Each structure stands twice: as structure tokens, then as C-alpha cells.
K.L.:
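Dropping a structure here in C-alpha cells format, bear with me for questions.
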Amino acid sequence: MTDENFDVQGFARDIHVLLVLATLRNGPKHGYQIALDVETDSNGLFQFRHGTLYPILHRLEAEGFIDGSWSKEGGGRRKKVYALTAGGRAHLEGRRAHVGEVVSRLLHLISGPGEAPA
Amino acid sequence: MSAVPTESEGLRALASRLTVPLPRKTNLLRELRDDLDALTGELIAKGLDPHEASRRATIALVPDDITVQRLEAMHSTRYRRVTARLDTVRLRRLERGLMAAALAVVTVAGGLMLAPVGVTRDPSPFLWPVTVLGLLMVAACLAKGFELWIKGDHEKPRRGLTAIVVLGFSVVALGAVGALIDSIVLFEQLSMGPDHAGRLLLDGVRREATLLAVSLVLAMPGAVFWLVSHQWIAYVEDAHRRVFTPESPLP
């Protein structure tokens, strides 16, 4: 990672993508369940508000990282369920190292000089 | 009293703000409706009263203006994305140009197909008005098809369908009336007992049959287009309506 290619806003967007992918690692889920699980698993730290989840889901679906399908529920109703694809799993694993490095550098920076990065 | 809309109000407000093609809008609203129902149910199960649960689910899931813009950019048609940077006047000119070019291609292709058959040899005087009306109907079909399936503009999906029906009917009616008038003229000529009556009769029958055939051939694509587009619009409108009637299963 070099300073020239690091984009703070892009990183923030990436976090949301990774949260969705990480939540789907445990199995297929509906949109609301993804939002609920992200909030619960992070003890309320990360939240999807005002429908921000949907553009992320639809973009990930278009990019092939997740697969959306309509499942039949009781009473003839259908629900859209998202599942992680092999590409999504690979993307998640690939980005994990990147996030780790960014967090490590950030910690080093805010901890002050003299302290080694975690 | 809270200013935050409840579930159904939120859905209706979103439906009026989204300008993506109707089938995509329906899918978006359907997904959102199911998630809203499920999240509201879950919050009620956790002890919230139904109104508060609905309010919280709406805050969490119904997109705000910025998110709606993102969804629009994502779900608009390829044509809209490509032409997004053009100003309205230039775009309208471009669309008219495209329509004129498409109509010219159809006219030339039709002419090339019909010319060898001898349609234009000693034609009925009604053949040209029938052809012009038929081409107008083809142009109306092209414009409507472009609006529905390429541009994805579904604000008033039925607009223009009546004009196609009227033009198609006019083509057939003018063809039939023309053939009738031609027959009357032919019989008057025959009643004078000309020497070449046999030849006159054959030419007359060929002329009238050609006129009727051309009017039917021209009207046929209009009828098929009207039927297909009418059924398609009825289907997508029905699916869209069902989003707002919670008890009805979705197709």
C-alpha cells in the first residue's frame, strides 16, 4: 500500500462492503437480516440507515460477489435472499490484509512516535 | 407526533421518487416491502409497539434522497446511463433522428421486399394514402417500443397505444373502402362493354387484391405490437400494484 493510492472515502465505502460480505459468510440472508446482524455483531457500532444497504447489495450482486435470488415463503410470498459467491469470499479474504494494514498504520499514527505498530 | 413516515407511507413516497423502469422499480419496492415487514415483525417481537416498530424499520430501510440517487444510477437503463450527460434539447433531437433513421430503414426494407412482386405497377390511387398511414403507424410503434424497452420511460406507459390502434384500423379501413370504390369504378367501366373487358377485369382484381393485401400487411405488425405491449404493461402494472397490497402474493 502506498500513500498515493489510499483513498479514505473509498476505504469507508469498502468497510460497508466487507461488513456485508462478512455477514453472509455464515449463510444466505435477507436484506434486513444482514443489516440487523451487522448491527448486533458490532454491538451497534456499524449501522445501515436510510436504505444505504440496498445500493451496496445491488452493486455486489452486479459485480458477482453475492448472488440474489427470490425464495418462496409461506402464503405464496417471495423474499430476496443473498448468498456469498466464491468470488465474494475471495474478495473478502483479499481485503482483510488491506484493512489490517490500514488499521495498524492508523494505530501507529495515533499512538505517537516510539511505539511499534501492532 | 413523529414526522417519520410509517412503512406504507415510506413505500409510496419512494415509489413516487424513483424514476427507474417499472419492472426494476417493482423489484426494488418488493424487496424493500418484504424487508420492512420482516424487520417490523422482529422489532415487535422484541417488545416495541407496532407503530414504533414500523417507524424504526422505515428509518433503517427506506432510502433517503442520496440513496435514491445511487439506486437510480444503478438501475436506470443502459440508454439513460449513456445519454445522461446530454442536455434535453440535444437528446430530443438525437432521439428524433434515430426514429427517422429507423423508419427509413423499415421503409426501404419494405420497399425492397415488395418491389419485385409488382405492387407499385399500375397501383390503386388508394395505395399511397394506405402506405403513408401504415408508415405513420410503424413510426408510432417504433417510438412506443423505444420508450418502453430501450429508454425505460414508464411514467405513462399506455400513452400512444390508442393512436397505434386508430392508425392500424384506419389502414385496414382505407384499404377496404379503396378496394370497394375501385370495384365500383371497374364495374362501371365493364358495363360500357369495352373490347378489352377481360384484361380490364384481371387488372382491376389484381389492383384491389394488392391494395387489400398491403393494408393488411401494414396493419398486422401494429396489431401484434399493440397486443404484446398492452399485455406487458398490464403484467408489470399488476405486479407494481401488488407491492402496495400486503396480503396478495406477488407474481
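The structure displayed is predicted, hence computed values, not measured ones. We name chains A, B, ... by the order of the sequence lines, and we start the count at 1 in each one.
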K.L.:
Give a yes or no on whether B/Arg70 atom CZ has more than 12 heavy-atom contacts from other residues, nucleotides or ligands under 6.0 Å away.
P.N.:
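No.
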K.L.:
Taking everything shown except B/Arg96 itself, do over 12 heavy atoms lie less than 6.0 Å from its CZ?
P.N.:
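It does not: B/Arg96 CZ has 12 such atoms or fewer within range.
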K.L.:
A/His50 versus B/Val62: any side-chain heavy-atom pair under 4.5 Å?
P.N.:
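No - every pair of side-chain heavy atoms lies 4.5 Å or more apart.
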K.L.:
When rounded to the nearest 0.5 angstrom, what is the spacing between NZ in B/Lys46 and CG in A/Leu36?
P.N.:
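Here the interatomic distance stands at 5.0 Å.
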K.L.:
Please check if the number of heavy atoms outside B/Met99 that lie under 6.0 Å from its CE is greater than 12.
P.N.:
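Yes, the 6.0 Å shell around CE holds more than 12 heavy atoms from other groups.
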K.L.:
Can I get a per-line list of side-chain donor-acceptor pairs under 3.5 Å for residues 82-92 of chain B, giving both atom names and the distance, sequence neighbours left out?
P.N.:
unit_1, atom_1, unit_2, atom_2, d
B/Thr83, OG1, B/Tyr79, O, 2.7
B/Asp87, OD1, B/Val89, N, 3.2
B/Asp87, OD1, B/Arg90, N, 3.1

K.L.:
Checking heavy atoms, do the side chain of B/Leu28, its backbone, both or neither come under 4.5 Å from chain A?
P.N.:
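Just the side chain, heavy atoms under 4.5 Å.
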K.L.:
Please state whether the side chain, the backbone, both or neither of A/Gln33 comes within less than 4.5 Å of a heavy atom of chain B.
P.N.:
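Interface part for A/Gln33: side chain.
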K.L.:
So, do B/Asp35 and A/His30 sit near enough that their side-chain heavy atoms are less than 4.5 Å apart?
P.N.:
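SC-SC contact between B/Asp35 and A/His30 confirmed.
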K.L.:
Looking at B/Arg81, I want to see if its CZ is surrounded by more than 12 non-hydrogen atoms of other residues, nucleotides or ligands under 6.0 Å.
P.N.:
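More than 12 within 6.0 Å, yes.
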K.L.:
Rounded to the nearest 0.5 Å, what separates atom CG in B/Leu43 from atom OH in A/Tyr32?
P.N.:
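If I round to the nearest 0.5 Å, the distance is 10.0 Å.
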K.L.:
How many angstroms lie between CD in A/Glu61 and CE in B/Met74, if you round to the nearest 0.5 Å?
P.N.:
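Reported to 0.5 Å precision, the distance equals 10.5 Å.
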K.L.:
With a 4.5 angstrom heavy-atom cut-off, is it the side chain or the backbone of A/Tyr54 that approaches chain B, or both, or neither?
P.N.:
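Both backbone and side chain.
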K.L.:
What I'd like to find out is whether the side chain of A/His58 reaches to under 4.5 Å of the side chain of B/Arg24, using heavy atoms alone.
P.N.:
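No, every pair of side-chain atoms sits at 4.5 Å or beyond.
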K.L.:
Quick one: are A/Thr52 and B/Pro63 in side-chain contact, heavy atoms under 4.5 Å?
P.N.:
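Of all side-chain heavy-atom pairs linking B/Pro63 with A/Thr52, none is under 4.5 Å.
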K.L.:
Before you tell me yes or no, could you show the steps for A/Trp70 and B/Glu31 under side chain to side chain contact (heavy atoms under 4.5 Å, CB included), namely the whole-Å CA-CA distance, both residues' side-chain angles and the distance that decides it to 0.1 Å?
P.N.:
CA-CA 9 Å; A/Trp70 291 91; B/Glu31 182 181 3; 4.1 Å; yes
K.L.:
Would one find more than 12 heavy atoms of other residues, nucleotides or ligands at under 6.0 Å from atom CZ of B/Arg158?
P.N.:
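It does: B/Arg158 CZ has more than 12 such atoms within range.
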K.L.:
Considering residues, nucleotides and ligands other than B/Ile66, do more than 12 of their heavy atoms fall under 6.0 Å from its CD1?
P.N.:
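No, not enclosed.
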